[in-house]
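In each ligand, atom 1 is the first atom listed, and ligand 1 is the first ligand listed. Residue indices begin at 1 and follow the sequence shown.
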Amino acid sequence: MESTRRRISLSTWILLGLLLGAVAGVGLNLAFAPELGAEKSETFAAIEGVADRLVRPFGDLFLRLLFMVVVPVVFCSLFLGVAGLGTVQRLGRLGGRTLLWFCGTGLLAAGTGTALVLLLAPGRRMDAAVAAQVQAQYVAAAQAKVEQSQAAKGWLQVLVDLVPTNVVGAAASNQGLLSLIVFALLLGAASIRVGPERTRALRELLEGVYALCLVILDWTMRLAPLGVACLIFHAAVTLGLPLMQLVGWYFATVMAGLLLLQFGVLPALAWGFAGVAPGRFLSACRGLFVTAFSTSSSNATVPATMRTAEDEFGVPPEVAGFVVPLGATMNMNGTALFLCVVVLFLAQVAGVALGPADYAVVLGMALLVAIGAAGVPGGSLPLLALVLAQVGVPPELLALILGVDRVVDMTRTVPNITGDLICSLWLARR
Ligand code: ASP
């Protein structure tokens, strides 16, 4: 209860930061920015100077704190995830079905997000002059990075590059993180082979590192009101109203996707796989949805999800006790959808052309992020930066979407836990 209160008030603070930054930035832009092509006034140049030198550094600090934990979080969570599959393996059929469900519904959600962005093209809804301005501000180095995007490489090279020649080097470069993931997955698989006894010390060490990173992430999120205000102010001063429109398009797209998932796709799955009619399903889950939405954390919602599964739908405790906690860390349908929308939207904004290999990478990464992201507020944000770098989109562009992320985070947490619940209903029925 105590922590719920803190979370709610933190979200309010973040929203206030967003509003404050946006209103001040757009206001100054409308009052002082020159007409397109005209000379900048001295006042506007001074305002831009302040935004650049005094405000942006605080926004960058927030971003960097997020990026800082990427390598340990990715490594620990994927290693521990795969190593933990040893237990799932021992659970035989139940474990196998659970994983099948996680992958299948994760891909479905990621595909829904991808289709929506391709259909609505939210990142292309700005005129050429604004696009040039956004790109000048954030994408200075993008051209060089486009060269490195998967599209330029071809399938075989993409596959070869998945395997690092030097693990330490892979961890040290943003482009190499995908190969670090491969290493973590292989190491986890090897640990299943070696057995729990000989790897216990390593697992405990990595669990410790992971827990510490989550504490840092929690601290970082407390800085979010300030970080978000600074990032959005800086962007809004230079780009003005068109920026807000662009963010609005992103917000509308991602929310449409999450609502479609939550009220269309998932109830249909509950009906098809567990025989629960959509009306009954949604009404029995109302309290659960409120908990997930207000805490913005799958982990914090686990007790409520188990209670709903057992009390409302009669799922046996041993099934709920296995699927729900595992799903809270490994199965995040809302996050998978969100990830695809963000990456493809920002690629559109940056003018990065993605090829089929890039789409495959994005979909695959959506699944990995769903596995690797922690079920805490903002848990997927550090990983998002990684995927952006992977397809040649500058991670700094995240500044554009972070302002509205709190609301999106609250919303995506609801399908995240709903997916776990339906999985437990399906397994219980079988
Ligand atoms: N907040 C989400 C959850 O707990 C994770 C995320 O997408 O950031 O499920």
So does Trp101 have more than 12 non-hydrogen atoms from other groups sitting under 6.0 Å from CH2? yes
Counting only heavy atoms not in Arg64, do more than 12 sit closer than 6.0 Å to its CZ atom? no
For Tyr250 and Phe345, take the angle between the two ring planes, folded into 0 to 90°, and tell me which bin it lands in: parallel under 30, tilted 30 to 60, perpendicular over 60. tilted
Using a 4.0 Å cut-off to any heavy atom of Asp409, which atoms of ligand 1 qualify? 1 (N), 2 (C), 6 (C), 8 (O)
Tyr210 atom OH, neighbour heavy-atom count above 12 within 6.0 Å: yes
Close side-chain approach of Leu421 to Phe281, heavy-atom, < 4.5 Å: yes
I'd like to check Pro394 versus Leu388 (side-chain heavy atoms, cut-off strictly below 4.5 Å). Are they in contact? no
Quick one: does any side-chain atom of Arg125 pair with a main-chain N or O of Leu120 as donor and acceptor, under 3.5 Å? yes
Below 4.0 angstrom from a heavy atom of Thr335, which ligand 1 atoms are there? Numbered from 1 as shown, please. 5 (C), 6 (C), 7 (O)
With heavy-atom distances below 4.0 Å as the criterion, list the atoms of ligand 1 near Ser380. 6 (C), 7 (O), 8 (O)
Element-labelled atoms of ligand 1 that are located less than 4.0 Å from some non-hydrogen atom of Ser297: 4 (O)
Given Val414, Ile417, Leu339, Thr413, identify the one with the heavy atom nearest to atom 2 (C) of ligand 1. Thr413
Would you check if Val404 and Leu18 make a side-chain contact, meaning some heavy-atom pair closer than 4.5 Å? yes
Near Gly379 (heavy-atom distance under 4.0 Å), the atoms of ligand 1 are 6 (C), 8 (O)
Numbered atoms and elements of ligand 1 in range of Ser298, under 4.0 angstrom, heavy atoms: 3 (C), 4 (O), 9 (O)
Element-labelled atoms of ligand 1 that are located less than 4.0 Å from some non-hydrogen atom of Asn416: 2 (C), 3 (C), 9 (O)
Under 4.0 Å to a heavy atom of Arg412 - the qualifying atoms of ligand 1, by number: 6 (C), 7 (O), 8 (O)
Hey, is Ala373 one of the residues with a heavy atom under 4.0 angstrom from ligand 1? no
What do we get for Val376 next to ligand 1 when only non-hydrogen atoms under 4.0 Å count, side chain, backbone, both or neither? backbone
